[in-house]
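The next block holds one structure in the form of structure tokens; read it before the comments.
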Amino acid sequence: ANYESLPLSFELNQGQSHRRVKFLARTQGYVLFLTATEAVMVLDNPATHRKGKEDRDAPVHSNDQTSVEKSRPPRSIVRMKLEGANAASQIEGLEQLPTTSNYFAGDDPSAWHTNVPNYARVKYEQVYPGIDMIYYGNQQRLEYDFVVAPGSNPDSIQIAFAGIRDYEITGLGDLLLHTPAGDIRQSKPLAYQEANGVREQVAIDYVPSGVNRIGFQIGIYDPARPL
């Protein structure tokens with residue numbers, strides 16, 4: 001219970017995952033992998049746990065283990081890709097945390113990964129011209145911001161989803177992704193600018209931009225200031 005209440009953090013990939021992965025995060029219900037242009041969510045399937053309990057309760061013979069493994073429902077993989085994004089974006093962890101991760105797999109200490117640094121946020125610099133993206137956690141929830149520099153075009157932001165059945169924009173403005181493992185809800189977007197230390201809200205909504213792809217419809221704002 002204490003582990004599940006920890007805030008979301010991001011591990012720097014130092015060989016504990018595929019080389020395409022820059023950072024990864026583990027939380028209740030899914031594992032997140034951040035690559036150059038994608039956030040890949042490996043969703044836990046609740047049916048796997050139900051099946052796992054049935055398997056533990058039932059006697060298993062040595063020649064039954066393979067069929068047991070094959071019968072378990074696979075995890076669902078959802079990809080959130082930034083269409084047309086800069087694949088060479090500078091990616092860095094921000095706000096290093098006092099915690100570290102350790103991987104002790106196998107008997108060879110040279111293959112272990114120890115003292116892997118953890119960060120509170122991950123920044124993608126210039127993911128689009130004049131636009132940075134920052135991933136962070138709100139407790140166990142993944143959230144992200146786009147920071148649009150003066151004179152840059154937020155219409156260039158296009159997010160494509162793979163691994164979903166379809167999506168809908170709810171009456172409250174949330175984005176609801178329908179996946180084989182259940183629904184993923186992304187809250188209605190929030191946009192603002194600051195003037196003299198005061199935050200000014202800017203109207204913004206999700207807008208469909210193709211099959212399983214969304215953009216943002218933004219109201220009137222001052223293009224000479226960051227958004």
Side-chain angles (χ1 to χ4, degrees), residues 7-10 12-13 20-25 32-41 78-97 119-138 141-162 164 167-177 184-227:
L8 189 67
S9 61
F10 302 87
L12 178 66
N13 183 19
R20 289 182 56 198
V21 175
K22 308 301 182 182
F23 288 85
L24 62 149
L32 172 73
F33 301 96
L34 298 179
T35 72
T37 58
E38 286 186 315
V40 182
M41 291 164 278
V78 174
R79 298 178 180 271
M80 188 177 81
K81 181 179 181 180
L82 299 179
E83 291 285 353
N86 175 18
S89 171
Q90 181 68 34
I91 305 171
E92 62 175 329
L94 303 177
E95 300 174 20
Q96 185 170 349
L97 301 171
Y119 297 87
R121 299 187 295 161
V122 175
K123 178 181 179 181
Y124 285 63
E125 188 173 333
Q126 295 289 313
V127 69
Y128 293 105
I131 300 176
D132 297 338
M133 184 180 190
I134 300 173
Y135 287 98
Y136 57 96
N138 181 354
R141 294 183 57 183
L142 174 68
E143 297 188 359
Y144 56 90
D145 291 347
F146 291 102
V147 183
V148 183
S152 301
N153 184 10
D155 291 342
S156 60
I157 302 171
Q158 299 287 313
I159 304 177
F161 296 95
I164 67 173
Y167 74 85
E168 64 177 297
I169 299 172
T170 71
L172 296 176
D174 297 345
L175 177 65
L176 202 59
L177 307 174
I184 299 175
R185 181 182 298 273
Q186 295 197 8
S187 299
K188 175 180 168 59
L190 171 71
Y192 65 90
Q193 295 186 296
E194 291 186 352
N196 300 319
V198 177
R199 180 177 291 191
E200 301 173 350
Q201 300 294 325
V202 175
I204 184 172
D205 291 290
Y206 294 114
V207 60
S209 184
V211 177
N212 290 346
R213 188 169 70 181
I214 59 103
F216 297 96
Q217 180 174 300
I218 302 173
I220 297 173
Y221 69 97
D222 182 359
R225 289 187 286 148
L227 173 67

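All residue numbers refer to positions in the sequence shown, counting from 1. All heavy atoms count here, side chains included; hydrogens, waters and symmetry mates do not.
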Hey, are the side chains of [X] and [Y] touching, using non-hydrogen atoms and a 4.5 Å cut-off?
X      : Y      : value
Asp132 : Val127 : no
Val148 : Pro226 : no
Lys188 : Leu175 : no
Leu142 : Leu32  : yes
Pro154 : Tyr128 : no
Glu95  : Phe10  : no
Leu82  : Ile159 : yes
Leu227 : Ile218 : yes

If you count heavy atoms of other groups shown closer than 6.0 angstrom to [atom1] of [X], is the number above 12?
X      : atom1 : answer
Gln158 : CD    : yes
Arg141 : CZ    : no
Arg20  : CZ    : no

Worked check of side-chain contact (heavy atoms from CB on, under 4.5 Å) between Ile184 and Val78: CA-CA 10 Å; Ile184 299 175; Val78 174; 4.2 Å; yes

So, does [X] use its side chain to make a donor-acceptor pair with the main chain of [Y] at under 3.5 Å?
X      : Y      : value
Asn13  : Phe23  : no
Ser156 : Asn153 : yes
Ser9   : Tyr119 : no
Asp174 : Leu176 : no
Arg225 : Glu194 : yes
Asp222 : Ala224 : yes
Gln126 : Gly130 : yes

Provide the closest heavy-atom pair for [X] versus [Y] in the form atom of the first, atom of the second, distance.
X      : Y      : value
Arg185 : Thr170 : NH1-CG2, 4.1 Å
Ala87  : Ala36  : O-CB, 3.5 Å
Ile204 : Pro189 : CG2-O, 3.4 Å

Among Arg213, Met80, Lys81, side chain to side chain contact (heavy atoms under 4.5 Å, CB included) partner for Phe161: Met80

Stepwise side chain to side chain donor-acceptor pair (under 3.5 Å) check, Asn138 with Glu143: CA-CA 7 Å; Asn138 181 354; Glu143 297 188 359; 3.1 Å; yes

Calculate, to the nearest 0.5 Å, the distance between atoms [atom1] and [atom2] belonging to [X] and [Y] respectively.
X      : Y      : atom1 : atom2 : value
Leu34  : Ile91  : CG    : CD1   : 8.0 Å
Gln193 : Tyr221 : CD    : OH    : 7.5 Å
Arg79  : Glu38  : CZ    : CD    : 5.0 Å

Arg121 to Tyr136, cation-pi by 6.0 Å centre distance and 45° axis angle: no

Plane angle bin for Phe216 and Tyr206 - parallel if under 30°, tilted between 30 and 60°, otherwise perpendicular: tilted

Worked verdict on Leu190 versus Gln201 for side-chain contact (heavy atoms from CB on, under 4.5 Å): CA-CA 8 Å; Leu190 171 71; Gln201 300 294 325; 2.8 Å; yes

Residue pair Ile214, Ser209: steps toward the side-chain contact (heavy atoms from CB on, under 4.5 Å) verdict: CA-CA 5 Å; Ile214 59 103; Ser209 184; 5.5 Å; no

Near-ring test Tyr124/Tyr135, centroid separation under 6.0 angstrom: yes

Evaluation steps, side-chain contact (heavy atoms from CB on, under 4.5 Å), between Tyr167 and Gln186: CA-CA 11 Å; Tyr167 74 85; Gln186 295 197 8; over 6 Å; no

